[in-house]
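Just below is one structure, and these are the notes that go with it.
Quick note on labels: first sequence line is chain A, next is B, and so on, each numbered from 1.
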2 protein chains.
Amino acid sequence: MFTFDQLAGFIAVAEELHFGRAAERLNMTQPPLSRQIQKLEKIVGAELLERDNRKVELTHAGQTFLEEARRLMALAERAPVTARRIASGRSGMLRIGFTAASGFSILGPLLEELSQIIPDVDVDLQELVTGEQLNGLLTGELDLGLARPPFDKETFDSHLLYRESMVLAVPSGHPLTLLARDISPEDFKEEPLIMHSATQARYFYDLVVRTLPFSHANVVHTVSQILTMVSLVAAKRGVAFVPHSATLLGIKGVEFLPLAGGDGEQVELHAIWNRRITNPALERLLRDLEFAME
Amino acid sequence: MFTFDQLAGFIAVAEELHFGRAAERLNMTQPPLSRQIQKLEKIVGAELLERDNRKVELTHAGQTFLEEARRLMALAERAPVTARRIASGRSGMLRIGFTAASGFSILGPLLEELSQIIPDVDVDLQELVTGEQLNGLLTGELDLGLARPPFDKETFDSHLLYRESMVLAVPSGHPLTLLARDISPEDFKEEPLIMHSATQARYFYDLVVRTLPFSHANVVHTVSQILTMVSLVAAKRGVAFVPHSATLLGIKGVEFLPLAGGDGEQVELHAIWNRRITNPALERLLRDLEFAME
DNA sequence: AAACATGATGCCTTCCAGGTATCAAATGAT
DNA sequence: ATCATTTGATACCTGGAAGGCATCATGTTT
């Protein structure tokens, strides 16, 4: 195999059509350059330059080999640059998982911010429930998750992105909309309830069970996605507890009523990542976002 | 700049994920391979492989650098093959000039033959009068010409491709078409004549002047292209001497009558090339066609 | 705890690339 | 015609780099 030095030598001679000047350009003397070209021609197996004692000319084979040589040199010069960009996190690919509910609120601004901080990084988005995200982070299929607790603090590091209160979604025209005050547990104890799945939407389920007194007897549906929930409310199947950002969905036929109390029923969205970071783009992102990395 | 050996070493390690096995594959021992990779990483300016004492893994930068390295190696392996193909004339580009008249007869079969002998050679065709072809052959803008004498036998070598007789083109229904014998000079001494240009179509002009007695007083048009000539005949502007292959033009309203005599009025088409051949594709073509190369 | 696996390091030798001096051949000037 | 000039090729030498062998360092397995 030939060497890059030989290629550079050939390109210089092909451009100067003069061994002496080419050698000067390469900061070397003429004799080794002559030998370089001879060796290259031997390796390539074809005469590339036609030279008599007065002038140097490219052969036809030399003309096309010159193109290939230039392409090789360009590629060889670009490759380390690309590698360094990726190592520094300025380029590459970031795979982000998000829960459907996080899409309403934080995803848009976050992507906007990403394109400012790491503009050359491709972002791959996947809608996944929290459990699947954690799994992806473990296997390395995911770099960053936008999900809700609980998760293993040993394995994962996180940053609280967003905290919002729960509201009660009711069909338009429902009697409760006439109340001029926040909703209390008393108000919905008779209402048919659309509830979160205990397995698929464990975070919401746990939160509601923990902070809002309600009767399981009232539960008429069990679903895992906020969007489904709000749609069912619009269809007058019952009322539901949803995060405040669900108001952004813009579904007609639903109204959202504040809940009295105010503290315990707050839901959190975290950015979560594996403490064993291998993706330089993620590293750079976290550094630039100044997330605490305890 | 890194070397191809370093790239090959990196590719082997990246594929085996094991220095020992990679070294074996490369027919070398493990220590120099380790150093090779270290040097490559230093040159590239990024960690490409993450290695502890138990396993080897590609970093993100390493993954993309691996692709670039493979591309480089593939390109480097292909380049000499292409160069050799061109040097041997099995590939490349052949620029052929032809006169309009030669296009009727020989060009089709010749191109057919070219695609058999040198299938990977691109053929660039240009319609040029003989003088322009000779000029192109001198400057190297043309590799082969299909033209008519005269030309300098010192500079150019040639091969007679085709010899055909001249015929008289007359409008359909012309009285001469009723003759049951070949045409003699007597027959057209009163006919209006469409003549070849003395400068632009010197070969035909000289030939006609030399071999066919006619009166300049009868000349009604002077043109340089056979096609124009035949079209004017069809428009009943007169009669014209054209090579036999003009019958292949398929222009309606024209008939072609044989001329008595038979020998002197033959026209020749030659393949002509510069004796200083630089294009390997031409060299190969001539060899394979078994043209005499005195 | 001992044996094993695996990548890194130290040291030696060989080989190759580059430098200097010079040659060979063709051109051009006196 | 001869001599100086130009320019690529060759001869010979030297320094550095790459590869091999032996060994180390460290983590895993039995």
Side-chain angles (χ1 to χ4, degrees), chain A residues 1-59 61-63 65-66 69 72-73 76 80 276 278, chain B residues 1-59 61-62 65-66 69 72-73 76 276 278:
Chain A
M1 179 63 66
F2 45 79
T3 71
F4 284 105
D5 283 347
Q6 288 164 355
L7 290 181
F10 171 66
I11 292 173
V13 176
E15 284 175 0
E16 299 285 346
L17 294 177
H18 189 289
F19 279 73
R21 280 194 297 277
E24 196 176 351
R25 208 172 92 181
L26 296 165
N27 294 314
M28 62 190 293
T29 56
Q30 169 265 320
L33 180 58
S34 281
R35 286 187 303 244
Q36 229 177 37
I37 304 293
Q38 288 164 13
K39 254 178 205 171
L40 179 63
E41 285 178 324
K42 192 162 190 174
I43 292 167
V44 169
E47 198 178 48
L48 302 175
L49 293 163
E50 178 132 20
R51 39 225 196 266
D52 60 22
N53 281 349
R54 216 61 207 166
K55 66 184 182 306
V56 179
E57 277 183 340
L58 275 168
T59 64
Q63 281 168 26
F65 191 79
L66 175 61
L72 273 165
M73 292 301 289
R276 285 181 40 91
T278 61
Chain B
M1 179 65 64
F2 43 80
T3 71
F4 284 105
D5 283 347
Q6 288 164 355
L7 290 182
F10 171 65
I11 292 173
V13 176
E15 283 174 0
E16 298 286 345
L17 293 178
H18 189 290
F19 278 73
R21 280 195 296 277
E24 197 175 348
R25 209 172 90 180
L26 296 166
N27 293 314
M28 61 190 293
T29 56
Q30 169 266 319
L33 180 58
S34 281
R35 285 186 299 242
Q36 227 176 39
I37 304 293
Q38 289 164 12
K39 251 177 208 172
L40 179 62
E41 285 178 322
K42 191 160 189 176
I43 293 167
V44 170
E47 199 179 47
L48 302 175
L49 293 163
E50 179 132 22
R51 37 221 195 268
D52 61 22
N53 283 348
R54 210 63 206 165
K55 65 185 183 306
V56 179
E57 276 182 342
L58 277 167
T59 63
F65 191 79
L66 175 61
L72 273 165
M73 292 300 289
R276 285 180 44 90
T278 60

Worksheet, complete the sentence: Comparing A:Asp5 with A:Pro31, nearest DNA chain C nucleotide closer to 5' gives the residue A:Asp5

Worksheet item: When rounded to the nearest 0.5 angstrom, what distance separates CG in B:Leu58 from OG1 in A:Thr278?
Response: 11.5 Å

Fill in: Closest approach of B:Gly20 to B:His18 (non-hydrogen atoms, all atoms of both residues)
N-ND1, 3.1 Å

Worksheet entry | Atom pair distance, as rounded to whole Å: CZ in B:Phe19 and P in C:dT6 | 13 Å

Discussion item. So for A:Arg35 and C:dG19, does any side-chain atom that can act as donor or acceptor lie under 3.5 Å from a complementary atom in the base?
Written reply: yes

Item to complete: Whole angstrom is fine here: how far is it from CZ in B:Arg21 over to C1' in C:dA5?
Response: 11 Å

Discussion item. Expressed as a whole number of angstroms, how long is the span from B:Ile37:CD1 to C:dA8:C1'?
Written reply: 13 Å

Item to complete: Kindly state whether the ring of B:Phe2 and the ring of B:Phe10 have centres lying under 6.0 angstrom apart.
Response: no

Worksheet item: Once you round it to whole Å, what is the distance between P of C:dT6 and CD of B:Glu50?
Response: 18 Å

Worksheet item: Counting any heavy atom closer than 4.0 Å, what does A:Arg54 reach on the DNA or RNA strands: base, sugar-phosphate only, or nothing?
Response: base

Worksheet item: Nearest 0.5 Å, what's the CD1-CG distance between A:Ile11 and A:Leu26?
Response: 9.5 Å

Worksheet entry | First-last contacting nucleotides on DNA chain D - partner chain A, under 4.0 angstrom, heavy atom | D:dT6 to D:dC12

Worksheet item: Roughly how many Å is it from CD in A:Gln30 to P in C:dG19, rounded to a whole number?
Response: 11 Å

Discussion item. What is the separation between atom CD on B:Glu57 and atom C1' on C:dT6, rounded to the nearest whole Å?
Written reply: 15 Å

Worksheet item: In whole angstroms, how far is the P atom of C:dA17 from the CG atom of A:Leu26?
Response: 15 Å

Fill in: Nearest listed nucleotide, side chain of A:Asn53, among C:dG18, C:dA26, C:dT6
C:dA26

Worksheet item: Does a sphere of radius 6.0 Å around CD in B:Glu47 hold more than 12 heavy atoms from other residues, nucleotides or ligands, not counting ones at 6.0 Å or beyond?
Response: yes

Item to complete: Write down the distance between CD (B:Glu41) and C1' (C:dA8), rounded to a whole number of angstrom.
Response: 13 Å

Worksheet item: If you take all heavy atoms of B:Gln38 and B:Arg51, which pair is closest and at what distance?
Response: CG-NH2, 3.9 Å

Worksheet item: Does A:Thr29 make a side-chain N or O approach to OP1 or OP2 of C:dG19 shorter than 4.0 Å?
Response: yes

Worksheet, complete the sentence: Ranking A:Asp52 and A:Gln6 by the position along DNA chain C of their nearest nucleotide, the one closer to 5' is A:Gln6

Worksheet entry | Side-chain donor/acceptor of B:Asp5 to backbone N/O of B:Ala8, under 3.5 Å | no

